[in-house]
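See structure below.
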Amino acid sequence: MKLTRCPICHNEINLEALVEDDSGRELLMLVSNLSYGCAKPMIAYIGLFRTQKSNLSNSRAVNLINDVLQLFQPSRHLAHALRETVNNIHAKRLTSDYKPFKNHNYLKSVYESTKHLFVYVEHKEDKPVRSSNEEYFEQMYRAGVDFNKLEKNIPGALDWYKKKTGA
């Protein structure tokens, strides 16, 4: 079954061929089950392990995702750390040699260094429970994050910011 054409290379994407491969099928399931907005940054992150001359195999991609999921639970914090890792490495690769990742140490350090942004906020019984987005936006507001940039990844962030600041 031909799905569509790739928006980048314009080749046809054949779903049947992808699910015929056990690793391809597992990769689709892993990515589709990622929550908290982790899917897109996870795909970008595993791309950091690719050499310039070759693509990642489906089995390698599955192993990399499973490695990350053994280290961290899917969360907004993980999604943020994945995005930060990808952005930092892409910027670094513009000015220096292209070296594919060999392990997850850089992601671990980014995750640890951003832990303070994702502190658990406890609910008191006399206060109404707020949505997880409100909790997240509140933490990002306290951390001084640019809500114009946050809006690109999380719709509604800018509206929340305007309501909070009266802007």
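Keep in mind the model is a prediction, meaning the values are calculated, not measured.
Under the 4.5 Å side-chain heavy-atom criterion for grouping Ile, Leu, Val, Met, Phe, Trp and Tyr, V68 is not connected to M29 through any hydrophobic cluster. Grouping the Ile, Leu, Val, Met, Phe, Trp and Tyr side chains by contacts below 4.5 angstrom, directly or via other members, places L28 apart from I65. Hydrophobic cluster membership is shared by L30 and L48, with clusters built from Ile, Leu, Val, Met, Phe, Trp and Tyr side chains linked at under 4.5 angstrom. Residues Y141 and V145 share a hydrophobic cluster, clusters being chains of Ile/Leu/Val/Met/Phe/Trp/Tyr side chains in contact below 4.5 Å. Residues Y36 and V31 do not share a hydrophobic cluster, clusters being chains of Ile/Leu/Val/Met/Phe/Trp/Tyr side chains in contact below 4.5 Å.
Among residues at least two apart or in separate chains, there is no ring pair (Phe, Tyr, Trp, His ring centres under 6.0 Å) pair with a member in residues 14-35. Listed by first then second residue, pairs satisfying salt bridge (Lys or Arg N to Asp or Glu O under 4.0 Å) with a partner in residues 18-28 read D22-R25, not counting sequence neighbours.
For the atom pair K149 NZ and R83 CZ, the distance stands at 13.0 Å (nearest 0.5 Å). Of the inter-residue distances, the one linking N88 atom CG with E84 atom CD reads 5.5 Å to the nearest 0.5 angstrom. The line from CG of D146 to CE of M140 is 12.5 Å long, rounded to the nearest 0.5 Å. A distance of 12.5 Å separates NZ of K108 from OG1 of T85, quoted to the nearest 0.5 Å.
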**OP:** Take L69 and L34 through the test side chain to side chain contact (heavy atoms under 4.5 Å, CB included) and record every step on the way to the result.
**Re:** CA-CA 10 Å; L69 295 177; L34 287 172; 3.8 Å; yes
Original post:
When you look at Q73 and L78, which way does the side chain to side chain contact (heavy atoms under 4.5 Å, CB included) test go after all the steps?
Top reply: CA-CA 7 Å; Q73 292 294 317; L78 176 59; over 6 Å; no
Original post:
Checking side chain to side chain contact (heavy atoms under 4.5 Å, CB included) for the pair K163/D159: CA distance, chi angles, key distance, verdict?
Top reply: CA-CA 6 Å; K163 189 188 300 183; D159 292 335; over 6 Å; no
**OP:** Could you walk me through whether L64 and H104 pass side chain to side chain contact (heavy atoms under 4.5 Å, CB included), step by step?
**Re:** CA-CA 9 Å; L64 290 169; H104 302 288; 4.1 Å; yes
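Across all non-hydrogen atoms, the minimal contact from P41 to C38 is CD-O, 3.4 Å. In plain terms, the two heavy atoms of N105 and N103 that are nearest each other are N-OD1, 3.0 Å. Of all heavy-atom pairs spanning R50 and P100, the tightest one is O-CB, 3.5 Å. Taking both residues in full, the closest heavy atoms of L56 and I46 are given as CD1-O, 3.0 Å, listed atom of the first, atom of the second, then distance. Contact between N58 and S23 at its shortest, heavy atoms only, is CB-CB, 3.6 Å. Closest of all the heavy-atom pairs between G156 and F137 is O-CE1, 3.9 Å.
The ring pair (Phe, Tyr, Trp, His ring centres under 6.0 Å) test applied to Y98 returns no partner, not counting sequence neighbours. Listed by chain and residue number, E138 satisfy the salt bridge (charged side-chain N to carboxylate O under 4.0 Å, His left out) test with K164 (two or more places apart in sequence, or in another chain). Not counting sequence neighbours, the partners of F72 by the ring pair (Phe, Tyr, Trp, His ring centres under 6.0 Å) test are Y111. Contacts of Y161 classified as ring pair (Phe, Tyr, Trp, His ring centres under 6.0 Å), with partners at least two apart in sequence or in another chain: F147.
Side-chain atoms of H80 and T114 form no donor-acceptor pair, as typed in the model, at a separation below 3.5 Å.
Side-chain atoms of R93 come within 3.5 Å of backbone atoms of K99 as a donor-acceptor pair (strictly under, hydrogens ignored). Judged by distance alone, the side chain of S54 and the main-chain N or O of T51 form no donor-acceptor pair under 3.5 Å.
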